[in-house]
Novice: 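Here it is, the structure in full.
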Amino acid sequence: MYRELEGVELVGVFDENQERAAAVAEEFQTLVLTRLEELRGRADAASVAVPTVAHAEVGCRLLEMGLDVLVEKPMAVDLTEADALLHAAKKERADSAGGPRRAFQSRVIAG
């Protein structure tokens with residue numbers, strides 16, 4: 001999806017499974033990040049492509065780093081977690097959006 005956008009650069013891939021991160025990073029010729037916090041200062045935005053139960057946790061961490069986030073649908077497991085994401089976005093003045101679920105596509109950039 002991002003390959004087709006002009007002016008967009010994939011600065012790195014983070015996945016708790018380092019083997020999977022390395023494979024994706026090699027395919028897209030980018031860095032493997034060993035910690036989510038390595039995105040701070042390297043990226044303007046991030047896609048959150050993790051299991052739904054982790055959307056709020058990961059999304060809030062990224063928002064607190066000042067990144068705009070695109071979160072797969074569903075945004076969160078419940079209204080409380082969705083509210084936490086929205087609150088973090090408002091607090092950090094970042095953009096937060098829900099997007100189509102990509103977990104079952106053949107190529108997923110995991111965050």
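Just so you know, these numbers use all the heavy atoms, side chains as well, and skip hydrogens, waters and symmetry mates. What you see is a predicted model; the values in this text were computed from it and never measured.
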Novice: Using 0.5 Å steps for rounding, measure from the CG atom of L31 to the CZ atom of R42.
Specialist: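 Here the rounded value is 5.5 Å.
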Novice: Write down the atom of A84, the atom of C60, and the distance for their closest heavy-atom approach.
Specialist: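 Closest approach of A84 to C60: O-SG, 3.7 Å.
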Novice: V69 and G59: which non-hydrogen atoms are nearest, and at how many Å?
Specialist: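 Closest approach of V69 to G59: CG1-O, 4.1 Å.
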Novice: Once rounded to the nearest 0.5 Å, what's the spacing between atom CZ of R40 and atom CG of L67?
Specialist: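 Separation between the atoms: 8.0 Å.
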Novice: Determine the minimum heavy-atom distance between A82 and A76, stating which atoms define it.
Specialist: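 Residues A82 and A76, closest heavy atoms: N-CB, 3.4 Å.
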Novice: Quick one: does H55's side chain have a donor or acceptor within less than 3.5 Å of a partner on V77's backbone?
Specialist: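 Not a single qualifying donor-acceptor pair exists.
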Novice: Please report the interatomic distance CD(E4) to CD(E6), rounded to the nearest 0.5 Å.
Specialist: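 The distance works out to 12.5 Å.
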Novice: Which heavy atom in V32 sits nearest to a heavy atom in A22, and how many Å separate them?
Specialist: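 Looks like CG2-CA, 3.6 Å.
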Novice: Shortest non-hydrogen contact from A21 to D15?
Specialist: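 Smallest heavy-atom distance, with atoms named: CB-CB, 3.8 Å.
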Novice: Do the side chains of E81 and V53 get nearer than 4.5 Å, heavy atoms only?
Specialist: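 When only atoms from C-beta onward are counted, E81 and V53 do not touch, as no gap falls below 4.5 Å.
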Novice: Begin with the C-alpha distance, continue with both residues' side-chain angles, and end with the deciding distance and a verdict on side chain to side chain contact (heavy atoms under 4.5 Å, CB included) for V48 and L70.
Specialist: CA-CA 6 Å; V48 177; L70 175 66; over 6 Å; no
Novice: Can you measure from CD (E37) to CZ (F14) and round to the nearest 0.5 angstrom?
Specialist: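 It is 7.5 Å, given to the nearest 0.5 Å.
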Novice: Is it the case that atom CG in D44 sees more than 12 heavy atoms from other parts of the structure closer than 6.0 Å?
Specialist: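 Not buried by this count: 12 neighbours or fewer within 6.0 Å.
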Novice: Can you tell me how far the CD atom of E38 sits from the CZ atom of R35, to the nearest 0.5 Å?
Specialist: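 If we round to the nearest 0.5 Å, E38:CD and R35:CZ are 5.5 Å apart.
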Novice: Quick one: does T34's side chain get under 4.5 Å of Q18's, heavy atoms only?
Specialist: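 With C-beta onward as the side chain, the pair touches.
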Novice: Closest heavy-atom contact between V11 and A43?
Specialist: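 Distance-wise, the nearest heavy atoms are CG2-CB, 3.8 Å.
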Novice: Got a second to check how far L36's CG is from R61's CZ, nearest 0.5 Å?
Specialist: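 That separation rounds to 4.5 Å.
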Novice: Check whether any side-chain N or O of Q29 sits under 3.5 Å from a backbone N or O of E26 as a donor-acceptor pair, and report yes or no.
Specialist: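 Checking the backbone N and O of E26 against the side chain of Q29, no donor-acceptor pair under 3.5 Å is found.
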Novice: One pair to check against side chain to side chain contact (heavy atoms under 4.5 Å, CB included): T30 and V13. What are the steps and the verdict?
Specialist: CA-CA 7 Å; T30 192; V13 175; 3.8 Å; yes
